[in-house]
Amino acid sequence: MTTRVRFAPSPTGYLHIGSARSALFNYLYARQVGGKFLLRIEDTDLARSTEESTRSILDGLAWLELKHDEEIVFQSDNAGKHRAAAQKLLAEGKAYRDFTPKAEPTDQNVKEGIAERARAAQGEKSMRDNIYRELYSEESDRKAEAGEPFAIRLKVPLDGKTAFEDRVYGLQEREYVDTEDLVLLRSDGHPLYNLAVVCDDIEMGITHVIRGQDHLTNTHKQVLIYEALGVTPPTFAHLPLIMAPGKGKLSKRKHGEIVSLTTYRDAGFVPAAFRNFLALLGWSAGEEKEIYTLDELVEKFSFDGIHRSNAIFNFKENDPRHWTDDKALWMNAEYIRTMPLAELLPLVKAELKAAKLWREEYDQESIALTADIPSTADLGADGRPETVAFETREVGSHAWYVYTVDLIRTRFFTLRDFSSQGRAYFSEDFDFDPAAVAKNLTKFPELRDWMPELADRFETVFTERGALFNEASIETVVKGFTEEKNTKLGVIMNGSRTLLTGVAVGPSMLSVFEVIGLERTLMRLRSQVGWNMVE
RNA sequence: GUCCGGUUCGUCUAGGGGUUAGGACACCGCCCUUUCACGGCGGCAACACGGGUUCAAAUCCCGUACCGGAUACCA
């Protein structure tokens with residue numbers, strides 16, 4: 001029998017990172033054993049389900065590159081079958097009609113209400129003392145025919161226990177007395193969650209149910225339904241939950257966007273990096289390794305490697321540097337600086353396009369063959385792609401673009417940084433960081449005269465005399481200039497850096513000059529914009 | 001309340017009778033350096049508590065504490 005797993009989210013909001021991880025684990029297992037990864041949208045709560053939400057879930061899965069097999073199943077399409085199953089159990093005497101009027105919802109918090117009711121019921125009421133449980137079927141039929149509303153409840157046996165072997169948590173047992181006669185069908189005929197899930201899982205031929213640990217008690221109820229239906233239950237594997245710092249629940253209400261997968265996409269995460277991070281939250285291959293390709297995850301995945309304790313998703317609100325889990329941020333940076341350049345380029349392109357900084361000339365299609373794109377494997381000792389000669393790196397060309405991305409990527413954390421921190425490489429319209437201006441410009445007032453002078457020097461050497469504007473010659477000129485002014489190289493270099501890029505950080509300044517190009521270098525060294533912004 | 005889980009550095013985790021309790025992130029220091037990163041080297045830092053079993057317990061057993069989940073005519 002081929003393995004069939006499913007990811008079954010309810011479309012009542014964005015895709016939560018915990019759900020995304022469930023989807024990932026289902027996917028990894030399915031791929032590992034050559035099974036099918038199915039998708040089912042549990043949209044039976046009509047009041048809360050929305051189409052945007054379904055859209056967002058699909059977008060999220062696509063972003064993580066978790067492709068599902070077969071058609072998407074919408075649970076609401078199967079309500080008829082769910083009802084038929086309940087009727088079957090009723091006819092077989094495994095379920096009964098409960099004519100008790102539906103309890104009015106309390107005005108307090110739903111969760112609290114439930115807990116309070118449960119506490120109050122403790123001791124005085126058994127799970128089985130419903131007067132309709134043993135009603136003669138003729139009497140039950142009569143009331144039903146008379147039009148009295150009723151819910152259909154499962155008749156949980158008096159003695160015994162449900163048991164299943166969880167692939168993560170081991171043998172799980174629960175006495176029947178601890179499980180109520182759960183409602184299968186509401187009095188308005190609406191099938192309830194546990195019945196719907198079991199029916200659909202049977203219908204879809206699900207062999208392994210991999211889901212959050214919060215479903216552990218539901219599983220006992222579902223096992224009861226499987227037994228009543230005469231079907232062997234699938235294998236279950238429950239995943240530990242992802243908690244907020246302080247071990248509280250990670251919720252949108254309390255934590256906002258941080259729990260939504262789309263936040264990471266929009267913040268400039270590399271899909272493979274976030275996927276990698278998610279996989280390591282609550283799972284380990286048991287080796288000292290952090291970076292895994294999708295293929296490696298598929299190969300190494302095992303239920304034994306899944307932790308039984310919940311994991312904390314660590315982040316600090318109001319701290320821009322640690323706005324989300326540090327390890328996720330680090331992993332993203334790690335991917336950005338080490339992934340094959342050919343894979344990074346399209347991501348950077350999308351980012352620059354979104355920031356309106358993209359120019360068609362950058363695209364390899366119009367200039368060079370894809371095969372010519374240097375990858376990290378082609379990098380020389382100085383960290384630059386060896387295959388691209390300076391002469392071919394005209395500012396704005398494809399070769400220039402590739403070289404520039406590769407040059408600046410080593411200190412970026414997100415794809416967003418290419419259009420923010422790295423904006424000056426792609427646009428004339430960039431901001432000056434006040435701290436950088438203070439540290440590298442205002443502190444040395446003489447630079448206000450020197451910088452335009454340096455520009456003049458560059459013009460003489462590179463424009464009038466026609467020397468090649470490359471690192472070696474730039475270094476000669478800048479060093480000569482520094483000695484002439486009897487100052488330190490750092491003063492000139494850092495002043496130039498801030499004037500040329502608006503910031504105090506970046507690659508080797510010689511590379512920066514070269515990549516910014518002679519024309520823009522002259523313009524920016526002479527510009528007063530950086531100076532003016534502090535006055 | 002009851003049922004079910006869980007507890008190794010701040011966080012993610014390895015280890016499941018004998019380990020200097022390992023790695024990663026974060027943080028700190030040093031080196032590299034025109035800056036900031038990267039990189040390299042180093043540092044700080046953990047077996048919840050109490051009993052047992054054993055020559056030996058982070059590891060096995062029992063209890064306690066704490067945390068989490070569930071307890072709906074929600075999903």
Side-chain angles (χ1 to χ4, degrees), chain A residues 8-10 12 42-45 47-49 75 98 100-103 105 110-111 113-123 149-153 166 169-170 172-175 177-180 182-188 190 192-194 196-197 212-218 220 238 240-241 243 245-249 277 280-291 307-315 321-322 325-331 333 337 383 409-413 436 439-440 478 482 488-498 503-510:
Chain A
S10 51
T12 54
E42 309 219 316
D43 57 347
T44 57
D45 188 338
R48 290 196 295 154
S49 298
Q75 191 158 61
D98 181 4
T100 310
K102 184 179 173 182
V110 185
K111 278 275 187 201
I114 291 160
E116 198 170 298
R117 214 180 315 157
R119 224 170 295 131
Q122 200 59 41
F150 60 85
I152 295 182
R153 283 183 185 274
D166 190 275
Y169 288 91
Q172 298 294 307
E173 296 180 305
R174 188 175 165 99
E175 297 290 334
V177 264
D178 293 320
T179 300
E180 81 277 12
L182 56 137
V183 172
L184 266 16
L185 222 55
R186 260 199 238 159
S187 48
D188 63 3
H190 187 82
L192 253 22
Y193 176 72
N194 284 306
V197 167
Q213 183 245 74
D214 50 338
H215 284 287
L216 229 26
T217 45
N218 275 333
H220 284 100
H238 288 87
L241 271 20
M243 314 300 287
K247 287 208 172 228
K249 196 177 172 191
F277 170 75
L280 258 31
L281 208 52
W283 172 81
S284 163
E287 55 189 5
E288 292 178 358
K289 179 175 152 82
E290 312 287 331
I291 305 296
H307 243 231
R308 275 176 286 273
S309 57
N310 297 336
I312 292 175
F313 186 72
N314 204 16
F315 60 91
R321 196 176 158 78
H322 304 281
D325 198 289
D326 283 326
K327 200 155 187 172
L329 243 18
W330 165 80
M331 198 165 277
R337 60 181 169 248
R409 66 165 162 163
T410 62
R411 62 215 78 205
F412 286 170
F413 280 80
K439 182 184 168 203
N440 294 335
V478 173
T482 303
K488 281 190 276 190
L489 187 60
V491 174
I492 301 300
M493 288 298 200
N494 293 328
S496 303
R497 179 187 301 287
T498 299
V503 293
V505 310
S508 153
M509 201 47 216
L510 295 172

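Hydrogens, waters and symmetry mates are skipped; everything else that's a heavy atom, side chains included, is used. A note on names: the letters A, B, ... follow the listed sequences, proteins ahead of strands, and every chain is numbered from 1.
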With a 4.0 Å cut-off on heavy atoms, is A:H190 in touch with a base, just the backbone sugar-phosphate, or nothing at all?
sugar-phosphate

Quick check for you: among B:rC38, B:rU35, B:rA75, whose closest atom lies nearest to any side-chain atom of A:R497?
B:rU35

For A:R48 and B:rA72, what is the distance between atoms CZ and P respectively, to the nearest whole Å?
16 Å

Now, which nucleotide makes the Watson-Crick or G-U wobble pair with B:rU2, with each of the two distances under 3.5 Å?
B:rA70

Contact class for A:D188 vs. all strands (heavy atom < 4.0 Å): base, sugar-phosphate, or nothing?
nothing

Which of these nucleotides, B:rU34, B:rG69, B:rC36, is closest to any side-chain atom of A:R411?
B:rC36

For B:rA14 versus B:rU8, give the span between their P atoms, rounded off to a whole number of Å.
10 Å

Answer with base, sugar-phosphate or nothing: what part of the nucleic acid does A:R153 contact at a heavy-atom distance below 4.0 Å?
sugar-phosphate

Look at all strands and tell whether A:P507 reaches a base, only sugar-phosphate, or nothing, counting heavy atoms closer than 4.0 Å.
base

Between A:F413 and A:T12, which has a closest nucleotide on RNA chain B that is more 5'?
A:F413

Side chains of A:T217 and A:R174, donor plus acceptor under 3.5 Å:
no

Nucleotide forming a Watson-Crick or wobble pair with B:rU53, both distances under 3.5 Å
none

Is A:S187 touching bases, backbone alone, or none of the nucleic acid, heavy atoms closer than 4.0 Å?
base

Of all the choices, B:rG69, B:rA24, B:rU34, which nucleotide is nearest to the side chain of A:K327 once you look at every atom?
B:rA24

Re B:rU64: Watson-Crick or G-U wobble partner, both distances kept under 3.5 Å, found to be B:rA48

Mind listing the N/O atom pairs, protein and nucleotides 13-17 of chain B, below 3.5 Å?
residue	atom	partner	partner atom	Å
B:rU13	OP1	A:G282	N	2.2
B:rA14	OP2	A:H307	NE2	2.5

Identify whether any heavy atom of A:K289 sits under 4.0 Å from a base atom; if not, whether one sits that close to sugar-phosphate; answer base, sugar-phosphate or nothing.
nothing

When you measure from the side chain of A:Y169, which nucleotide among B:rA72, B:rC73, B:rG5 comes out closest?
B:rG5

Ranking B:rC36, B:rA26, B:rA75 by distance to the side chain of A:H215, first place goes to B:rA75

Could you state the atom-to-atom distance from CG of A:L241 to C1' of B:rA70 in whole Å?
11 Å

Work out how far the P atom of B:rU54 is from that of B:rA46, and round it to whole angstrom.
31 Å

Output all residues satisfying ring pair (Phe, Tyr, Trp, His ring centres under 6.0 Å) with A:H190, sequence neighbours left out; order by chain, then residue number.
none

With A:D45, which residues qualify under side chain to side chain donor-acceptor pair (under 3.5 Å), at least two apart?
A:R48

What nucleic acid atoms does A:T179 come within less than 4.0 Å of, heavy atoms only: base, sugar-phosphate, or nothing?
nothing

Mind listing the closest non-hydrogen atom pair of A:R497 and A:S508 along with its distance?
NH2-C, 4.4 Å

When the distance from CG of A:N494 to P of B:rA37 is rounded to whole Å, what number comes out?
13 Å

Heavy atoms from C-beta onward define the side chain here; which of B:rG69, B:rC67, B:rC27 lies closest to that of A:R321?
B:rC27

Rounding to an integer number of angstrom, what distance separates B:rU59 and B:rG18 when you compare their P atoms?
11 Å

Result for 5'-nearest mapping on RNA chain B, choosing between A:Q172 and A:D326, is A:Q172

B:rG16: pairing nucleotide in any strand, Watson-Crick or G-U under 3.5 angstrom:
none

Out of B:rA26, B:rA24, B:rC74, minimum distance to the side chain of A:E290 belongs to B:rA24

Take atom P in B:rC25 and the same atom in B:rG39, then report the distance between them in whole Å.
8 Å

Can you figure out which of B:rC38, B:rC3, B:rA75 approaches the side chain of A:R174 most closely?
B:rC3

B:rG5, B:rU11, B:rU35: which one has an atom nearest the side-chain heavy atoms of A:Q213?
B:rG5

Using a 4.0 Å heavy-atom cut-off across all strands, classify A:H220 as base, sugar-phosphate, or nothing.
nothing

Pair assignment for B:rC38, Watson-Crick or G-U wobble, requiring both distances under 3.5 Å
none

For B:rC27, the Watson-Crick or wobble counterpart (both distances under 3.5 Å):
B:rG43

Base, sugar-phosphate, or nothing: which does A:M243 touch, judged by heavy atoms less than 4.0 Å apart?
sugar-phosphate

Measure the distance from NZ on A:K247 to P on B:rU11 and round it to the nearest whole Å.
9 Å

Using the C1' atom as the reference point in each nucleotide, state the distance between B:rC27 and B:rA45 in Å, no decimals.
10 Å

With rounding to whole Å, what would you report as the distance between B:rG22 and B:rC9 at their C1' atoms?
12 Å

With a 3.5 angstrom cut-off on both distances, give the Watson-Crick or G-U wobble partner of B:rC32, or none if there isn't one.
none

Among B:rU34, B:rA72, B:rA75, which nucleotide sits nearest the side chain of A:L489?
B:rU34

B:rA75 to B:rU71 separation - C1' atoms, rounded to the nearest Å
15 Å

